[in-house]
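Throughout, a chain's letter reflects where its sequence line sits, starting with A, and its residues are numbered from 1.
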Number of protein chains: 2
Amino acid sequence: MERTIQEVARLTGVTSRTLRHYDDIGLVRPSRVGAGGIRHYDADALVRLQRVLLLRELGLGLPAIAAVLDGQTDDVHALLAHREWLRQEQTRLERQIASVESTIEALEGGEEPMAEDMFDGFDHTRYREEVETRWGKDAYARSDAWWRGMSDTERAEWQARTAQLGADWQATAASGIAPDAGEAQELARRHVEWLAGIPGTPGVVKEYVTGLGEMYVADPRFAANYGGPEGAAFVRDALRVYAEAHL
Amino acid sequence: MERTIQEVARLTGVTSRTLRHYDDIGLVRPSRVGAGGIRHYDADALVRLQRVLLLRELGLGLPAIAAVLDGQTDDVHALLAHREWLRQEQTRLERQIASVESTIEALEGGEEPMAEDMFDGFDHTRYREEVETRWGKDAYARSDAWWRGMSDTERAEWQARTAQLGADWQATAASGIAPDAGEAQELARRHVEWLAGIPGTPGVVKEYVTGLGEMYVADPRFAANYGGPEGAAFVRDALRVYAEAHL
DNA sequence: GCTAGACATTGACGCAGCGTCAACCGCAAG
DNA sequence: CTTGCGGTTGACGCTGCGTCAATGTCTAGC
């Protein structure tokens, strides 16, 4: 009636190591421990093990299995929750596969060694329409040439600067100070300086800077760089104050 | 131009702990380590980190990413292999979800607390047709009543005995001895004894035992219990010899 | 009665990828 | 001088066991 650990292992297809592990964590205890610590399993222990293995095949974690077996959780309930988790994993995988495939296509198409558009910085092509309608095709072309002319390293540097500027704006807006305070105005100065570094834009013209501030608020794509609409509003106000005073 | 670990962390969205980990394993090293072991990252390091993060989002493991970045692996090749792995994961998940759902249905339908059919043992309902056509509806009904009348514990015990018998047959067949050797004949005796424990079957009748042997060979569902067709053939031969001599 | 061998036991490390203390140091502000 | 922020190097924890390693026990054969 009783079986040793090795016999149980053969019967159920698990290793003896697994059975010892289950004993350690209290999931399936042997029915009796004889001389020398030898584990013996009776039919009841086998029933329990059998239920464990069934739930394990379904992908449940050992703690969840323990909860079900000890009656702390309703089995149907546990399985429903588990199914939900499995489904989320599945959609995650789907998205990942799609990403991998589009990346493969891009690489096979000879695209840039995927260094672009990782930071939230100035992603050029995304704003093509915006630039062309506001400042003309010529402006976009110059800007585009400038962008493509840079090396990966230079682009990374530029993007990092852009991201840092955005991060600083967010931190400042969140600190609660006024848009016309010194710190915010210093940021506005950096912002204008940064703008001047982009060829093909009007540069340090007063109405351009204030207009840009409005765009940050109106366009969620830009607003996201500054912590959403509120952050963008802070940037707009600070830029307006700065432009009035210095441009 | 250079940034501290915390700045890089904010820029890229990873934690400084992760950056230190990447340094430890040599995946992304800081461009310079200043006084007090302070890490500094320049634009080149950012480019590398950026590529790491892109590949990580696709689900690649860090060693695989390192291989790609160090030019030891073609990136397209690595991604193709990775896609294959992702697809396998996906089908595995699909199957698991299907299993979970059928289990949920079974539980909601008030089925037995899923103790059945885990071992390779005698799974009753699977062989209903087989039993009814060979030995009549009455035989199946008696057998069925006997099976349902048992407790989980008893059923587990029975299944374990059945599985053990199958395992012993496989081991004996694999050992290379002849079907009429003593050890095989002892197993045959146990087999007949085991058969006698199933109500509704003809029992220890000579032609029943030999016919059963043939069925084991012919039906892959049974053969699987004895190690496939070869193992089943060994069982059949041993049973025939035993039946001729003792029944 | 001894020994070999098969199987048992209890540690303990390793795996992936960091999160999370812990303990300590350095620098700037109040 | 203290406080606080940010930097450093360990080292453990998590999931579910696989995989030694060192040692004990039971059975079989001489």
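Protein atom CZ of B:R32 is 14 Å distant from nucleotide atom P of D:dG7, rounded to whole Å. When rounded to the nearest whole Å, the span between CZ of B:R39 and C1' of D:dT8 equals 7 Å. One interatomic measurement links the two molecules: CG of B:L60 to P of C:dG17, which rounds to 10 Å at whole-angstrom precision. Atom CD1 in B:I25 sits about 12 Å away from atom P in C:dC15, given to the nearest Å. At whole-Å resolution of the value, NE2 in A:H40 and C1' in C:dT9 are 12 Å apart. If you take CZ of A:R10 and C1' of C:dA6, they are 11 Å apart, rounded to a whole angstrom. A:E7 places its CD atom 13 Å from the C1' atom of C:dA6, with the value rounded to the nearest Å. Computed from coordinates, the B:L49 CG to C:dC18 P distance equals 11 Å when rounded to whole Å.
Side-chain proximity of B:I5 to the nucleotides C:dC18, D:dG7, D:dC26 is greatest for D:dG7. Listed nucleotides C:dT10, C:dC7, D:dG16 differ in distance to A:L62; the shortest reach to its side chain belongs to D:dG16. Minimum atom distance to the side chain of A:Q6 is reached by C:dA8, of the listed C:dT10, D:dT9, C:dA8.
Dashed line: the shortest gap from a side-chain N or O of B:T15 to OP1 or OP2 of C:dG19 is under 4.0 Å. For the OP1/OP2 pair of C:dT9 and a distance below 4.0 Å, the side-chain nitrogens and oxygens of A:R20 include at least one atom meeting the criterion. Look at B:R56 and you'll find a side-chain N or O under 4.0 angstrom from OP1 or OP2 of C:dC18. Contact annotation: B:Y22 side-chain N/O to C:dC18 OP1/OP2 distance is under 4.0 Å. Within the structure, every side-chain polar atom (N or O) of B:T4 is placed at least 4.0 Å from both OP1 and OP2 of D:dG6. In terms of phosphate contacts, A:T18 brings no side-chain nitrogen or oxygen within less than 4.0 Å of OP1 or OP2 of D:dG16.
A salt bridge links A:E101 to B:R87: one of the charged nitrogens lies within less than 4.0 Å of a carboxylate oxygen.
When all heavy atoms of A:P179 and A:A184 are compared, the closest pair comes out as O-CB, 3.4 Å.
Annotation: of the two residues near DNA chain C, A:S16 and B:H21, the 5′-most nearest-nucleotide partner is A:S16. Across the interface with DNA chain D, nearest-nucleotide mapping of B:D24 and A:I38 shows B:D24 to be the residue nearer the 5′ end.
Judged by distance alone with a 3.5 Å cut-off, a donor-acceptor contact links the side chain of A:R17 to the base of D:dT19.
Looking only at side-chain heavy atoms (C-beta outward), B:R39 and B:Y41 come within less than 4.5 Å of each other.
Ring-plane geometry between A:Y226 and A:W169 is classed as perpendicular, the angle between the planes exceeding 60 degrees on a 0 to 90 degree scale with a lower cut at 30.
Of the residues A:F234, A:Y216, A:Y242, the one that meets the ring pair (Phe, Tyr, Trp, His ring centres under 6.0 Å) test with A:H191 is A:Y216.
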